[in-house]
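Report on one structure; see the data block that follows.
All chains are named by letter (A, B, ...) in the order of the sequence lines, taking the proteins before the strands, and each is independently numbered beginning at 1.
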Amino acid sequence: MKIIIVLKMNSIEIRKTFLDFFKSKQHEIVPSAPMVIKNDPTLMFTNAGMNQFKDIFLGNTTVKFPRIADTQKCLRVSGKHNDLEEVGHDTYHHTMFEMLGNWSFGDYFKKEAIAWAWELLTEVYKIDKNCLYVSVFGGDSSDNLSKDNEAYDIWKNYISEDRIIDGSKKDNFWEMGDTGPCGPCSEIHVDLRSEEEKKKVDGKSLVNHDDPLVIEIWNLVFIEYNRMSDGKLVSLPAKHIDTGMGFERLCMVLQGTKSNYDTDVFQPIIQEIAKISGKKYGDNNKADIAMRVIADHLRAISFAIADGQLPSNNKAGYVIRRILRRAVRYGYTFLDFREPFINEILGVLVSQMGDMFPELKSQKDLIKKVITEEELAFLRTLSQGIQKFENYISSNKNSQEINGTFAFELFDTFGFPIDLTQLMAKEQGLTVDMVGFNKGMEEQKTRSRQAAVVDTEDWVIVNPETETEFLGYDTLTSESKIIKFRKIKVKDKEYFQLVFDKTPFYAESGGQLGDKGWFEGNSEKIFITDTKKENNLIVHLTETLPTNQNGSFKLFVDESKRRLTENNHSATHILHSALRAVLGTHVEQKGSLVNDERLRFDFSHFSKMSEKEIKDVETLVNKKIRENIILEEQRNLPIEDARKMGAVALFGEKYGDFVRVITFDKNYSVELCGGTHAKSTGQIGMFKIVSESAIAAGVRRIEAITADQAENFFNSQLQLVLEIKEILKNPNDVLKAIATLQSENENLNKQLGEFKKGQALNLKGDLINSKENINGINFISAKVDLDMASIKDLAFAMKAEVENLFLILANESDGKANLSIMISDNLITEKSLNASNLIREIAKEINGGGGGQPFYATAGGKNPSGIENAFKKAKEIIEGL
RNA sequence: GGGGGAUUAGCUCAUUUGGCUAGAGCGCUUGCCUGGCAGGCAAGAGGUAAGGGGUUCGAUUCCCCUAUUCUCCA
């Protein structure tokens, strides 16, 4: 008998082995980029390992290391890769996952990529070769591409040809988007089924057929083309390798489990969920799904929050909120949680992954707080929706089916997933009209698609340069050439994007808005309405193109706007340090907005700032401004050196980055920052906080103004006080004068009220005295000089006092007439009188119309001279009874 | 970026073809019952119906804009 001792690697070892292997092949190992993406309009989250290298593929940036390997945190929840609804129901979908990858940028190509992948899998990880299949691109006639014979011939050296599969364009031709770098790819698949199963069905036939145990493990992409917007492919001068291997899947393979969720990546979390829910994992399919959902989503939201993306009500923040709510909902429905629980599992995740990803550890308190608040908020929404549902049920008792429109409304407006509605319907013995629901869904999708159509034309190259230089730290003008431009159409609007070889224009980044200004050349002047960053490219937005794009142009940044913006940006840095000094070092930047009018700074802090704290911060900032600290700026500092200087690092730095450090007194404020700043703090002039508020659990927001704006603020406040004084005839003590005024006013109001009451009483008395008894009815008619509200009061008061009352009142204002009729309740039935009907008839006399209730009605008209006739008519009606 | 909903007393929410001088529960104030508390009874205060504009004799209700917020789609 043969004894096989299998020493399973744990997930930490598996990750390390991958990175060590490629290090031995001269790869630079770089840390994971943040999962949350800034400065890319096409992407909210990192959804593949290659994202942080996109600029290299696009040729917008130079290559620092030709060979790189890493593990990258990824999130797939929207756009092309939307796996959210699958997660938990099977054994292998995830929202957040790690992607192991190795890259070559114009260095090695297919031969080495294939050889190393094979070596790592079979010799280092020791995966049985007889379980592996590979695929190569089989060609595609629509793109006029033949089979990838180069890859096929290389694979032949490692694996028998009957294990090589020709793949379709869908599976084996990788594209970044509608346009851009792309190329054929080779996938490595592994068959994890039992020997018996393998005998029954050939593994080769299951490749790419969604069998949970015959799965793709590694994708090797050979980037050699660029897709143009007309669909044509152009060969790239420098060819690249881009590979991706799902870490959680690899763990499953190497640990011999049947599910990613059974590996040591997920089990500790799942066991914790089981523990606090009092249920056992593996007992009940629905509960198991819920536990997997929660385990997966906990990872996604924790990493997102650690990377600076807080849940919110739109964009990326809303994606995070939705993931969290999905987890809450599964816990609510299938694990019977009614109180926040996800935050309690966080500890396990942090102890498990905090070493590899230190951001989890350092932000643990904030993550926990944010998750708890979100859970509470969603449980509230949930109970509102349930109430709505119950209202619907009780008002539609005889229906057996829940209206699809209502089901869609619940989904669309209250965030109720359709399966939850179905579940609740089932409990009442009802079904849901799915046709109607799906119709509502389709309509909404069509609407959204139409609204989101952006037509981007290809870049038109004017001068073939790749690098653009930013001059804006030193100058606000430049002599530049256009490198390229393109036209963008959004709905009925059209604008242009221009890239210059050098530019003083600062592109929106790090919270600082982009510069505005203009450029001149060939006797034309064209305005630049905004400057944006697309990855590393500085893009200038204009409404028109110069008629001749060649030649040189003179660029001008709007100086006054830029200077005011700089003041606010520098003030933001000083504020940041002041907050840390006053509140403590737990204060971390969570968001920032800087423009020429004001600054907005979001930061982690757990309670409302007191008046004194706000004042202390203001005082400290203004003190630093008056110290007139000279700006120290260091460009192109290796990030490691910057960290040593104690620079406050934000999210967003990538591997090997050379960073810029902005210092205002090395013992006070040192920050990594790409923005533009005042030359010395004195330029800021003064600083004033105008609001302090909460924007999310554990996150506060300060809005402040500086320089001219602050000066205006103080001046207008002073002016206000001066004007108040003047109005009060310059008293010695303004406050006392106002207090006196207030109490006098109060007294007068009281007296006036009593006087009015007396008058009304007199008026009421006079009216009552004027009553005529006609057919047993107390008829009163009068024209009064009161507004409609007072007439109403009077009418109600008289109704309470006079029996058998028929009251008709009129007033006149602005050449218009109003009538009001009040009738005692008993007359309505006894004499069949209806104020509403009567007034319609009577109002004809004043050329108007009206209505109301049987006992009280009003009307308006354009003919005041008809009032007497109206009274006469009313009297005739009563007399005629 | 586009759609749908919400915003009414300190809090949670009512208010159906536009008209009952906008109501309830909890909380608050006062008084009473009880040895005290818990509790009970009674009276009362508290509303520019988010803000602005329009339609109308009349708008919490219908329309438009703004703000805040929730939610879905992209």
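In this structure, the separation between CG on A:L541 and CG on A:D530 is 6.0 Å, given to the nearest 0.5 Å.
Following rounding to the nearest Å, A:D793 (CG) and B:G58 (P) show an atom-to-atom distance of 18 Å. For the pair A:I418 CD1 and B:C73 P, the interatomic distance rounds to 12 Å; values are reported in whole Å. The NZ atom of A:K799 sits 13 Å away from the C1' atom of B:G19 (whole-angstrom rounding). Regarding A:M441, its CE atom lies at a distance of 14 Å from the C1' atom of B:G2, rounded to whole Å. Per the geometry, CZ belonging to A:R840 stands 17 Å off P belonging to B:U56, to the nearest Å. If you measure from atom CE of A:M788 to atom P of B:G19, you get 16 Å, rounded to the nearest angstrom. In this structure, A:E409 places its CD atom 16 Å from C1' of B:C73, rounding to the nearest Å. The distance between atom CG of A:L410 and atom P of B:G4, rounded to the nearest whole Å, is 17 Å.
Separating the P atom of B:A59 from that of B:C11 is a span of 27 Å, rounded to the nearest Å. B:C13 sits 23 Å from B:G51 when the C1' atoms are compared, rounded to a whole Å. For the C1' atoms, the distance from B:G47 to B:C28 is 16 Å, rounded to whole Å. Taking atom P on both B:U61 and B:G54, the two are 14 Å apart, rounded to the nearest angstrom. The separation of B:U21 from B:C26, taken at their P atoms, amounts to 25 Å, rounded to a whole angstrom. B:G44 and B:G53 are spaced 35 Å apart, taking the P atom of each and rounding to whole Å. Nucleotides B:G23 and B:C65 have their C1' atoms positioned 31 Å apart, rounded to a whole Å. Taking atom C1' on both B:U68 and B:C32, the two are 45 Å apart, rounded to the nearest angstrom.
Figure legend: A:K487 and A:Y495 shown without cation-pi pairing, the cationic atom not lying both under 6.0 angstrom from the six-membered ring centre and within 45 degrees of its axis.
Base pairing annotation: B:C57 forms a Watson-Crick or G-U wobble pair with B:G19, both donor-acceptor distances under 3.5 Å. Searching all strands for a Watson-Crick or G-U wobble partner of B:U7 with both distances below 3.5 Å returns B:A67. B:G35 makes up no base pair with any nucleotide shown, lacking Watson-Crick or G-U wobble contacts both under 3.5 Å. Remark: B:G44 base-pairs with B:C28. Criterion, Watson-Crick or G-U wobble with two distances under 3.5 Å. Summarising the base pairing, B:G1 is matched to B:C73 through a Watson-Crick or G-U wobble pair whose two defining distances lie under 3.5 Å.
Here the side chain of A:S824 pairs a donor or acceptor atom with the backbone of A:L805 at under 3.5 angstrom. Checked by atom type and distance alone, the side chain of A:T333 never pairs as donor or acceptor with a backbone atom of A:Y330 at under 3.5 Å.
At the heavy-atom level, A:F796 lies under 4.0 Å from base atoms of the strands shown. Heavy atoms of A:Q853 sit under 4.0 angstrom from primed sugar atoms or phosphate atoms, though from no base atom. At a threshold of 4.0 angstrom between heavy atoms, the contacts of A:G852 include nucleobase atoms, whether or not backbone atoms are also involved.
By the neighbour-count criterion of 12 heavy atoms within 6.0 Å, atom NZ of A:K799 is densely surrounded, having more than that number from other residues, nucleotides or ligands.
No hydrogens or angles were tested; on distance alone, nothing pairs the side chain of A:E443 with the base of B:G3 as donor and acceptor under 3.5 Å. The base of B:G5 has none of its N or O atoms less than 3.5 Å from a complementary donor or acceptor on the side chain of A:D412. For A:T858 and B:G19, a side-chain-to-base donor-acceptor distance below 3.5 Å is present, hydrogens and geometry of angles not being considered.
A salt bridge does not link A:R600 with A:E703: every distance from a Lys NZ or Arg NE/NH1/NH2 to an Asp or Glu carboxylate oxygen is 4.0 Å or more.
For A:N818, counting side-chain heavy atoms from C-beta on, the closest listed nucleotide (B:C57, B:C73, B:C70) is B:C57.
If you check the side chains of A:D785 and A:N811, you find no donor sitting under 3.5 Å from an acceptor.
Checking the phosphate oxygens (OP1, OP2) of B:C73, a side-chain nitrogen or oxygen of A:R322 falls inside 4.0 Å.
Nearer the 5' end of RNA chain B, as judged by each residue's closest nucleotide, is the contact made by A:G849, out of A:F378 and A:G849.
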